[in-house]
Enquirer: 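Pasting a structure below so you can have a look.
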Amino acid sequence: MKRELIKDILKSSKFDIAVTVGGWLRTRRDSKGGFSFLEINDGSCFANLQVIADNSLSNYATEIEKLYPGSSLSVTGQLVESPASGQSVELKAETIKVFGFCDPLEYPIGKQRVSFEKLREIAHLRPRTNSFGAVTRVRNNLAFATHKFFQEKNFFYINTPIITASDCEGAGEMFRVSTLPADNPPVDDNGNVDYTQDFFGKKASLTVSGQLEGETHACALGNIYTFGPTFRAENSNTRRHLAEFWMIEPEMAFADLNDDANLAEEYLKYLFNYVLENSSEDLGFFNQRIEKGIIEKLAKLAESKFERISYTEAIEILRKADAKFEYTPEWGADLQSEHERYLAETCFGTPVIVLDYPKIIKPFYMRMNSDEKTVAAMDVLLPNVGEIIGGSQREERLDVLNARIDECGNNPDDYWWYCELRKFGTVPHAGFGLGFERIVQFCTGMQNIRDVIPFPRTPNNVEF
RNA sequence: UCCGGCGUAGCUCAGCGGUAGAGUAGGUGGCUGUUAACCACUUGGUCCUUGGUUCGAAUCCAAGCGCCGGAGCCA
């Protein structure tokens, strides 16, 4: 079926031409003047198209008057200038084909307001709402902008494995991947599960990060990035965590921590500018209904310089701060949520990049600084969201890396191939990870991360 | 996992010891180039589950289940 998108029709300045649209009814208003107003949405944009359905249509009494929100239809007619205010163009229907009626007594999302919590229970229908249509289009633009940004900078898109045997420094609890019988797995002489009999012949899990594999390709192709699903089996119940989420992980060869921070800042600003330019209609909705001032916020951040401070400076600022913290800031302890929020929201009011964390709170692969107390790590903190990016310069010196693997209590055998990247032609390199849903949250103002991914997976929730 | 809050009509909520309410959606009638349409009437409920206190529980207490917010873990 050849059809025009409402997105294009509403921009059209050509009138009195024949067009066909297909979409879902949002609302019907009857006029006793002998016609009905139908508002159609086809998902191509936020706005609806107003259709005039005259009672001279052959199926007016039999079908048009029985249309309720959610019904699917196609309309062919003349695009005309609207005589009334509220819309510039409207479609005067010549034929209306109804594909599917929608019973208003059963359909859960009519014209009335439905809470986000309720919509999560009907995740198969929620993309038909204004909010989720807008979130989905912004999410799409952020994904496209991500590829565009890295491709323009000559980064190669690579696909790291989803099933893995390396547990990447214990970034979180992992989901086991196994074909062994769950109720009665084979056991070895010590009574432990015998994974040599499993599908892969050893313990396998869903990935918590593609970083270690990503490094292999950075150490060959130069600059690469991944953009794929990531899994954490943590029992996290917050509005910022998912068990399955999408992560973007660039990795650069011949790069240090400063290059890494520059890339992170440039990438975030690129995203802000991209959605400001290409999602303006949807952002207008978020600006009005979800987070007042979000457009101004994104525009300001796209222009501003991100604050950069060392971890040690951050601790000093927090200790002098005129604020009550539940946890006293102390050198050597990780920054608490309240500390990150103070820095990004109260103290600077801009994104903050914190650099050079104590080695004791960071994983083995981060590069040791010359003070031998800190490592070349960075976190990017956003107002309201908190940590959005975590990254580091990687340890490229084999002897130091081996010592750190030992020190952190890891088994060197698990990282033999990772170490060989240092053994054979090592190179300074750096990268970071960004949680895609968190940036969607930030750019839409949506409060709960479960509402910026089509089908959220959280503890006790795997419906759909 | 810990702390706090909340589960009442299809939906959004009020009621907080004396026998069930509003708005909205749906129905009927009226009116209208309408646009969150409007006006009148109207259908609609195991008050999450189980147990306890009480003459009497939607209301108080306890446990369970579910959801939300904060914390931790992190992206």
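Quick note on labels: first sequence line is chain A, next is B, and so on, each numbered from 1. Side chains included, hydrogens not; waters and symmetry mates left out as well; all remaining heavy atoms used. Given the structure is predicted, the values throughout are model-derived calculations rather than measurements.
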Enquirer: Can you find a side chain N or O atom of N448(A) that sits less than 4.0 Å from OP1 or OP2 on rG69(B)?
Expert: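 Checking rG69(B) against N448(A), a side-chain N or O does come within under 4.0 Å of OP1 or OP2.
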
Enquirer: From the options rG33(B), rA75(B), rA71(B), select the nucleotide whose nearest atom is closest to the side chain of S82(A).
Expert: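 For S82(A), the side-chain atoms sit closest to rG33(B).
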
Enquirer: So, OP1 or OP2 of rU34(B): does either fall under 4.0 Å of a side-chain N or O from S31(A)?
Expert: no

Enquirer: Under 3.5 Å for both donor-acceptor distances, Watson-Crick or wobble: does rA9(B) have a partner, and if so which one?
Expert: none

Enquirer: Would you tell me whether D334(A) and Y357(A) have side-chain atoms, one donor and one acceptor, within less than 3.5 Å of each other?
Expert: no

Enquirer: Which of the following nucleotides, rU12(B), rG33(B), rC68(B), is nearest to the side chain of K118(A)?
Expert: rU12(B)

Enquirer: Say we look at rA40(B) and rG51(B): how far apart would their C1' atoms be, to the nearest angstrom?
Expert: 47 Å

Enquirer: Please determine whether a side-chain nitrogen of the Lys or Arg among K7(A) and E281(A) lies less than 4.0 Å from a carboxylate oxygen of the Asp or Glu.
Expert: no

Enquirer: Nearest to the side chain of Y327(A), which nucleotide is it out of rU12(B), rC74(B), rG72(B)?
Expert: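 Side chain of Y327(A) sits closest to rG72(B).
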
Enquirer: For rC74(B), does OP1 or OP2 lie under 4.0 Å from any side-chain N or O of R240(A)?
Expert: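 R240(A) to rC74(B) OP1/OP2: no side-chain N or O under 4.0 Å.
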
Enquirer: Would you say the ring centers of Y267(A) and F150(A) fall short of 6.0 Å from each other?
Expert: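 Aromatic pair counts; centres sit under 6.0 Å.
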
Enquirer: Can you see if the side chain of R341(A) gets near the phosphate of rA71(B) - specifically, an N or O under 4.0 Å from OP1 or OP2?
Expert: yes

Enquirer: Tell me which nucleotide, if any, is Watson-Crick or G-U wobble paired with rG18(B) when both distances must be under 3.5 Å.
Expert: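 rG18(B) is paired with rC55(B).
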
Enquirer: Taking the C1' atom of each, how far is rC48(B) from rU54(B), in whole Å?
Expert: 23 Å

Enquirer: At less than 4.0 Å, is any side-chain N or O atom of Q336(A) found next to OP1 or OP2 of rA71(B)? Yes or no.
Expert: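 No.
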
Enquirer: Need the pair for rU46(B). Rule: Watson-Crick or G-U wobble, both distances under 3.5 Å, any strand; none if unpaired.
Expert: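 None - no nucleotide pairs with rU46(B), as no candidate has both distances under 3.5 Å.
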
Enquirer: Which nucleotide sits closest to the side chain of T238(A): rG72(B), rU34(B), rC74(B)?
Expert: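 For the T238(A) side chain, the nearest candidate turns out to be rG72(B).
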
Enquirer: Scan every strand shown for a Watson-Crick or G-U wobble partner of rA71(B), both distances under 3.5 Å, and answer none if you come up empty.
Expert: rU1(B)

Enquirer: Who pairs with P127(A) by side chain to side chain contact (heavy atoms under 4.5 Å, CB included), at least two apart in sequence or on another chain?
Expert: none

Enquirer: Using distance alone, with no hydrogens and no angle criterion, decide if N130(A) and R26(A) have a side-chain donor and acceptor under 3.5 Å apart.
Expert: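 Yes, side-chain donor-acceptor contact under 3.5 Å.
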
Enquirer: The side chain of S236(A) lies closest to which of these nucleotides: rG69(B), rG33(B), rC73(B)?
Expert: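 Of the options given, the side chain of S236(A) lies nearest rC73(B).
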
Enquirer: Counting only side-chain heavy atoms from C-beta out, which of rG72(B), rC11(B), rG33(B) sits nearest to V114(A)?
Expert: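 Of all the options, the side chain of V114(A) is nearest to rC11(B).
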
Enquirer: In whole Å, I'd like the distance from the CG atom of L242(A) to the C1' atom of rA75(B).
Expert: 10 Å

Enquirer: Counting heavy atoms from C-beta on, name the nucleotide in rU34(B), rG70(B), rC74(B) closest to the side chain of R29(A).
Expert: rU34(B)

Enquirer: For the pair made of CE in M247(A) and P in rA75(B), what is the distance, rounded to whole Å?
Expert: 7 Å

Enquirer: Could you state the atom-to-atom distance from CD1 of I449(A) to C1' of rC73(B) in whole Å?
Expert: 14 Å

Enquirer: May I have the distance from R28(A) (atom CZ) to rC38(B) (atom P), rounded to whole angstrom?
Expert: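 Those two atoms, CZ and P, are 15 Å apart.
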
Enquirer: Return no unless some side-chain N or O of Y68(A) is found under 4.0 Å from OP1 or OP2 of rG10(B).
Expert: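 So the side chain of Y68(A) is outside the cut-off, no N or O lying under 4.0 Å from OP1 or OP2 of rG10(B).
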
Enquirer: Regarding Q50(A), tell me which of base, sugar-phosphate or nothing describes its non-hydrogen contacts under 4.0 Å with the strands shown.
Expert: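 Counting heavy atoms under 4.0 Å across all strands, the contact made by Q50(A) includes a base.
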
Enquirer: To the nearest angstrom, how far is E326(A) atom CD from rG72(B) atom P?
Expert: 8 Å

Enquirer: Taking the six-membered ring for Trp, does F37(A) stack with rG33(B) (centroid gap under 5.5 Å, planes within less than 30°)?
Expert: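 The base of rG33(B) is not stacked with F37(A) (the test needs centres under 5.5 Å and planes under 30°).
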
Enquirer: Compute whether any side-chain donor of one residue and acceptor of the other, for H429(A) and E215(A), lie under 3.5 angstrom apart.
Expert: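 Side-chain D/A pair, H429(A) to E215(A): present.
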
Enquirer: Once you round it to whole Å, what is the distance between C1' of rU12(B) and CD1 of I109(A)?
Expert: 15 Å

Enquirer: With a 4.0 Å cutoff (strictly under), does any side-chain N or O of R120(A) reach OP1 or OP2 of rC68(B)?
Expert: yes

Enquirer: Mapping N461(A) and R239(A) to their closest nucleotides on RNA chain B, which lands nearer the 5' end?
Expert: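 Taking each residue's closest nucleotide, the earlier one in sequence belongs to N461(A).
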
Enquirer: Would you mind telling me which of rU34(B), rC11(B), rU1(B) lies closest to the side-chain atoms of A84(A)?
Expert: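 Looking only at heavy atoms from C-beta outward on A84(A), the closest nucleotide is rU34(B).
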
Enquirer: Base, sugar-phosphate, or nothing for R113(A), non-hydrogen atoms under 4.0 angstrom?
Expert: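 Result for R113(A) = sugar-phosphate.
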
Enquirer: Compare the minimum distances between each of rG33(B), rA75(B), rC68(B) and the side chain of E117(A), then state the nucleotide with the smallest one.
Expert: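 Among the listed nucleotides, the one closest to the side chain of E117(A) is rC68(B).
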
Enquirer: Check this for me, if you would: do D451(A) and R126(A) make a salt bridge, where the nitrogen-to-carboxylate-oxygen distance has to be below 4.0 angstrom?
Expert: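 So D451(A) pairs with R126(A) through a salt bridge.
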
